[in-house]
Amino acid sequence: METSMIAAGIRRLSVMDMDLDLFEGQYPVPHGVSYNTYLIEDEKTALLDTVDARRQKEWLDGLHDALGEKKLDYLVISHMEPDHSGSIAALCAQQPGMTLVGNAKTFAMLDRFTKDAPLSLPRITVSEGGTLSLGRRTLRFFMAPMVHWPEVMVAYEEEDRLLFSADGFGCFGPVDGDDLWEEEARRYYANIVGKYGTQVQALLKKASALEIDTLCPLHGPALSGEKLARALELYDRWSRWMPQERGVLVAYAGFHGHTAKAAACMTACLRERGESVTLIDLARVNRSYAVGEAFRYDRMVLAATTYDGAYAPAMEAFLSALRHKNLQNRTVALMENGTWAPMAAKHMRAALAEMKNITVLDEQVTICSAMDEKCRLQIAAVADALTR
């Protein structure tokens, strides 16, 4: 377990999961993922959240070392997703004298997760603006429903101006991964929280009324100083579905290499025009990376082979993911391929029409089997239109 001081009397207790291949069964975590908990030692001792059962023993052993002879007075439960609530029952067995702190929805979920072995510890139910005095320090609670579960709440520690932000401002990777933070925070946000931009805006409004020196999320590094300001800026943009920066995602789904060559040609044309471009093969790169890049850039080129009278399944899955994440405010160009009846562009347009504020260019590229000079001219025209 990694232990670090957040402020005098407040420690972050983190365990890294380097063995997990897919977070939530979907998202690769090649740099691992951290489960963060926070220990506040005052007149009363409080712990904020637990960890995934996958790292339970390591975490409980580390917590025992951190506490020494002290006992926990409170366990604050910010979020009931099992990667944070998975060790609640085991902790209750070790700390039978503590009190559980949560909101009404927290405890309803807790009882569902522990049906076979109900927890009988005392409970304090808090609501919006409620407080918990620990002595010199006070925690004030704010509800953050659907960021990204309905029971989520955050806690503001008034003395040291810390916001314990649950899954908000979280990040894949280690607790000290500064080089990875922005990319992995964006991929985390886009895929896990991205659908709930309106609810994130509500949380940001509450946070703007607080003096915050440090954000303390349940995954990834604590954020202060310039990193704190950057996180707030990015969350504001992402949660309004506004592009993070100017650039183009070229995402393609093909079968025999011809669509891939056309996508590579488009990428080269755009770079020649000074554009920042990310090229992704949707069949071979996990979709979470493409979704993250779609949240990053203001434009996309979607290239797909016709398949079963529609379009390649990998592109269909990608567009479905963007629709579920409510992606908006983008400009898109289309490329299609088909040997006898190209249909991919028609179906991609229909899928994009179900999304808000998506501008699809009239200019498009149609490939009949393999590229020729006509296709190259179409690619150049689309690149010019996107650059304009």
Side-chain angles (χ1 to χ4, degrees), residues 243 247-273 275-287 289-325 327-388:
V248 185
L249 165 64
V250 178
Y252 68 93
F255 299 148
H256 302 295
H258 299 292
T259 302
K261 287 180 181 178
C265 182
M266 175 65 77
T267 298
C269 281
L270 289 167
R271 287 176 176 158
E272 288 170 1
R273 289 158 175 75
E275 296 288 354
S276 175
V277 186
T278 298
L279 175 66
I280 291 183
D281 179 353
L282 294 173
R284 291 174 173 81
V285 176
N286 183 273
R287 190 164 60 248
Y289 292 95
V291 172
E293 293 300 285
F295 269 74
R296 176 185 181 186
Y297 288 136
D298 62 329
R299 287 156 292 161
M300 293 188 291
V301 176
L302 305 179
T305 298
T306 300
Y307 181 72
D308 283 348
Y311 57 113
M315 179 64 73
E316 185 175 8
F318 176 54
L319 288 177
S320 177
L322 295 185
R323 185 172 66 252
H324 284 302
K325 303 306 177 186
L327 187 74
Q328 304 170 31
N329 308 314
R330 300 299 191 273
T331 297
V332 181
L334 300 178
M335 302 173 68
E336 66 177 353
N337 195 351
T339 294
W340 62 91
M343 294 290 288
K346 172 184 175 181
H347 288 278
M348 287 191 286
R349 284 182 188 275
L352 291 162
E354 298 178 10
M355 299 162 61
K356 296 179 182 178
N357 299 327
I358 301 294
T359 300
V360 182
L361 298 184
D362 292 332
E363 296 91 343
Q364 73 176 50
V365 178
T366 296
I367 307 157
C368 290
S369 301
M371 281 202 306
D372 55 14
E373 187 58 27
K374 179 180 178 181
C375 293
R376 293 184 181 91
L377 291 173
Q378 289 177 348
I379 287 171
V382 168
D384 286 338
L386 279 172
T387 302
R388 285 196 300 271

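Computed from heavy atoms alone, side chains included, the values below leave out hydrogens, waters and symmetry copies.
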For [X] and [Y], work out which heavy atoms get closest and say how close.
X      : Y      : value
Thr259 : Ala304 : CG2-N, 4.2 Å
Ala262 : Ile379 : O-CD1, 3.9 Å
Met355 : Leu327 : CE-O, 3.6 Å
Ser369 : Thr339 : OG-OG1, 3.0 Å
Glu363 : Arg388 : OE2-NH2, 3.8 Å
Arg349 : Asp362 : NH2-O, 3.7 Å

To the nearest 0.5 angstrom, please state how far the [atom1] atom of [X] sits from the [atom2] atom of [Y].
X      : Y      : atom1 : atom2 : answer
His347 : Asp308 : NE2   : CG    : 10.5 Å
Glu275 : Cys269 : CD    : SG    : 12.0 Å
Leu249 : Leu302 : CG    : CG    : 7.5 Å
Met300 : Ile358 : CE    : CD1   : 5.5 Å
Thr366 : Met343 : OG1   : CE    : 11.5 Å
Glu336 : Met348 : CD    : CE    : 6.5 Å

A side-chain contact here means heavy atoms from C-beta on lying under 4.5 Å apart; do [X] and [Y] qualify?
X      : Y      : value
Val301 : Met335 : yes
Lys325 : Phe295 : yes
Phe318 : Ile280 : no
His258 : Asn337 : yes
Arg296 : Thr278 : yes

### Message
Let's go through Arg273 and Leu386 carefully: what are the C-alpha distance in whole Å and the side-chain angles of both, what is the deciding distance for side-chain contact (heavy atoms from CB on, under 4.5 Å) to 0.1 Å, and is it a yes or a no?
### Response
CA-CA 10 Å; Arg273 289 158 175 75; Leu386 279 172; over 6 Å; no

### Message
Tyr297: which residues meet the ring-ring contact (aromatic ring centres under 6.0 Å, His included) condition with it, sequence neighbours left out?
### Response
none

Any sub-3.5 Å donor-acceptor pair from [X]'s side-chain atoms to [Y]'s backbone N or O?
X      : Y      : result
Arg271 : Val277 : yes
Thr267 : Ala263 : yes
Asp281 : Ala283 : yes
Arg330 : Ala294 : yes
Arg287 : Ala321 : no

### Message
Working note: Thr331 + Leu361, criterion side-chain contact (heavy atoms from CB on, under 4.5 Å); need CA distance, chi angles, decisive distance, verdict.
### Response
CA-CA 7 Å; Thr331 297; Leu361 298 184; 3.9 Å; yes

### Heavy-atom neighbours of Tyr289 OH exceed 12 at 6.0 Å
yes

### Passing candidate, side chain to side chain contact (heavy atoms under 4.5 Å, CB included) with Leu322, options Val332, Leu352, Val291
Val291

